[in-house]
Amino acid sequence: MTEGAERTERDEIRGVRRGSAPVPLSVLDLATVGAGHTGTDALNTTVELARLAERRGFHRFWVAEHHSMPGVASSSPAVILARVSAFTERIRLGSGGVMLPNHPPLVIAEQFGTLEAMAPGRVDLGLGRAPGSDGATAAALRRGREDGADEFPSQLAELVRFLDDDFPDGHPYSRVHAVPGPVQGSAEGGVQSSARPPVWLLGSSGFSARLAGGLGLPFAFAHHFSAANTVPALDLYRSSFRPSKVLDEPYAMIGVSALAADDASAAQAQVLSGALAMLRLRTGRPGLVPSAEEAAAHPYSPVERDFLDGWLANVEYGTPETVVKGLNALVDRTGAQELMVTANAHDPEARLRSYELIADAYALDGSAGTTSNADASTAGALAD
């Protein structure tokens, strides 16, 4: 293993590239609930997918906070991650993300301090400023509180203070401690033995990109639902980046929808079900993710068809060869240093199979040697 690879292996932020993938590959799971399935089914699949991701060499496994959406069971990332941590050993676990305006910063510091205590050295804290829901649900979550997305920078600063346990003397919270956390020290003479979870900022526009750059934090962009803004946001992040104690240069990851199947028609059938679920969500009719049969039989209006065509244009789907070509091209186009793949489809087995096929196409192996992301070539498998 090279010196660069050793550094990356220990790096809590920069990912590890495996196989012939152009950059590190990770997984974003929404605990999708399909018609005919339950929340229990979805969360069991989440655990199964996390174990698959670890075994096949994906770098990290994140879950995202959503509320009041019948087709998504990931309303409580910290709870889900606690369960997943019990079934995994090496893969990084995190939130993609926690919607900080929904919660008091102390609560998030304690939740993720608890996760760090249970899975030391492999927890990420990804933060977003959107509600992860509609306005009425956001109001229910924030009952009695005036703050919201506009207060995100100050909430972030408070959260980091709690994570580091370093409010200055005289501050109203100087004697308030997030537990588990640094105040407890360790068995070695009261010295904190492990770092707190690294903070990532997430976004789908320029606001968080600029904030992440100015603070020198890693940045994850939601290409999977805001593709038109990807390159401008990444450019803004890089141009506004200022080195910090956690990063000396920008590190950008993008979320991308991708689904591989053994044949193109099967992949198209699965992604159509996810697209119809998104159409219903965007038009105020959220529900369980429809089956492939229901999606195929739906009488789409011209306006609905236009929406689906636009949505599917930003999903990489088809045979493994087609998906790999699309992912490689996306890395070339954006300069992303890590890809986080999400698969929104009705059939749990199809989603699991997709990650297996992508891992096969890139020759990923969780037990194999690693390659430094900094030294990674942009040439992936099946590039032609």
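All of these numbers come straight from a predicted model, not from anything done at the bench. Note: hydrogens, waters and symmetry copies are ignored here, and every other heavy atom, side chains too, is used.
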How far apart are the C-alpha atoms of Leu127 and Leu125, what are their side-chain angles, what is the distance that settles it, and do they pass the side-chain contact (heavy atoms from CB on, under 4.5 Å) test? CA-CA 6 Å; Leu127 301 168; Leu125 175 51; 3.7 Å; yes

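Because its NZ or CZ atom is not both nearer than 6.0 Å to the ring centre of Phe87 and within 45° of the ring axis, Arg51 does not count as a cation-pi partner of that residue. Stacking of Arg210 on the aromatic ring of Tyr237 is not recorded, the 6.0 Å distance cut-off and the 45° axial limit not both being met.
Residues Tyr173 and Glu158 have side chains that never bring a donor and an acceptor to within less than 3.5 angstrom of each other. Defined by atom type and a distance below 3.5 Å, a donor-acceptor pair is present between the side-chain atoms of His103 and Glu65. Side chain to side chain, Ser257 and Glu316 fail the donor-acceptor criterion of an N or O pair below 3.5 Å. No hydrogens or angles considered: nothing links the side chains of Arg122 and Ser85 as a donor-acceptor pair under 3.5 Å. Between the side chains of Thr342 and His224, no donor-acceptor pair is found at a separation under 3.5 Å. Judged by distance alone, the side chains of Asp29 and Thr46 do bring a donor and an acceptor atom under 3.5 Å apart. Residues Trp62 and Asp124 have side chains that bring a donor and an acceptor to within less than 3.5 angstrom of each other.
Remark: Glu293 CD to His346 NE2 distance equals 8.0 Å, nearest 0.5 Å. Between atom CZ of residue Arg129 and atom CD of residue Glu151 there is a gap of 11.5 Å, rounded to the nearest 0.5 Å.
Residues forming a side-chain contact (heavy atoms from CB on, under 4.5 Å) with Ser239 (at least two apart in sequence, or on another chain): Leu236. For Glu294, the side-chain hydrogen bond (donor to acceptor under 3.5 Å, both in side chains) criterion is met by Arg280, not counting sequence neighbours. For the ring pair (Phe, Tyr, Trp, His ring centres under 6.0 Å) test, no residue two or more places apart in sequence or in another chain qualifies with Phe225.
Ile254 is not listed as a side-chain neighbour of Met340, based on a closest heavy-atom distance of 4.5 Å or more. Side-chain contact between Pro105 and Glu110 is absent, with no heavy atoms from C-beta onward closer than 4.5 Å. Residues Tyr317 and Gln268 are in side-chain contact: their nearest non-hydrogen atoms beyond the backbone lie under 4.5 Å apart.
Centroid-to-centroid, the aromatic rings of Phe221 and His223 stay 6.0 Å apart or farther.
Between Arg196 and Asp164, at least one side-chain nitrogen of the basic residue sits less than 4.0 Å from a carboxylate oxygen of the acidic one, meeting the salt-bridge criterion. Between Arg14 and Asp248 there is a salt bridge, since at least one side-chain N of the basic residue sits less than 4.0 Å from a carboxylate O of the acidic one. A salt bridge links Arg55 and Glu356; the closest N-O separation between the charged side-chain nitrogens and carboxylate oxygens is under 4.0 Å. Electrostatic pairing of Arg353 and Asp262 counts as a salt bridge here, judged by a charged N lying under 4.0 Å from a carboxylate O.
Using cut-offs of 30° and 60° for the angle between ring planes, the Phe162 and Phe167 rings count as perpendicular. A parallel orientation is assigned to the rings of Trp311 and Phe307, their planes being inclined by less than 30° (bins at 30° and 60°).
Closest heavy-atom contact between Gly335 and Arg238: O-NH2, 3.0 Å.
Within a 6.0 Å sphere centred on CZ of Arg175, other residues, nucleotides and ligands contribute 12 heavy atoms or fewer.
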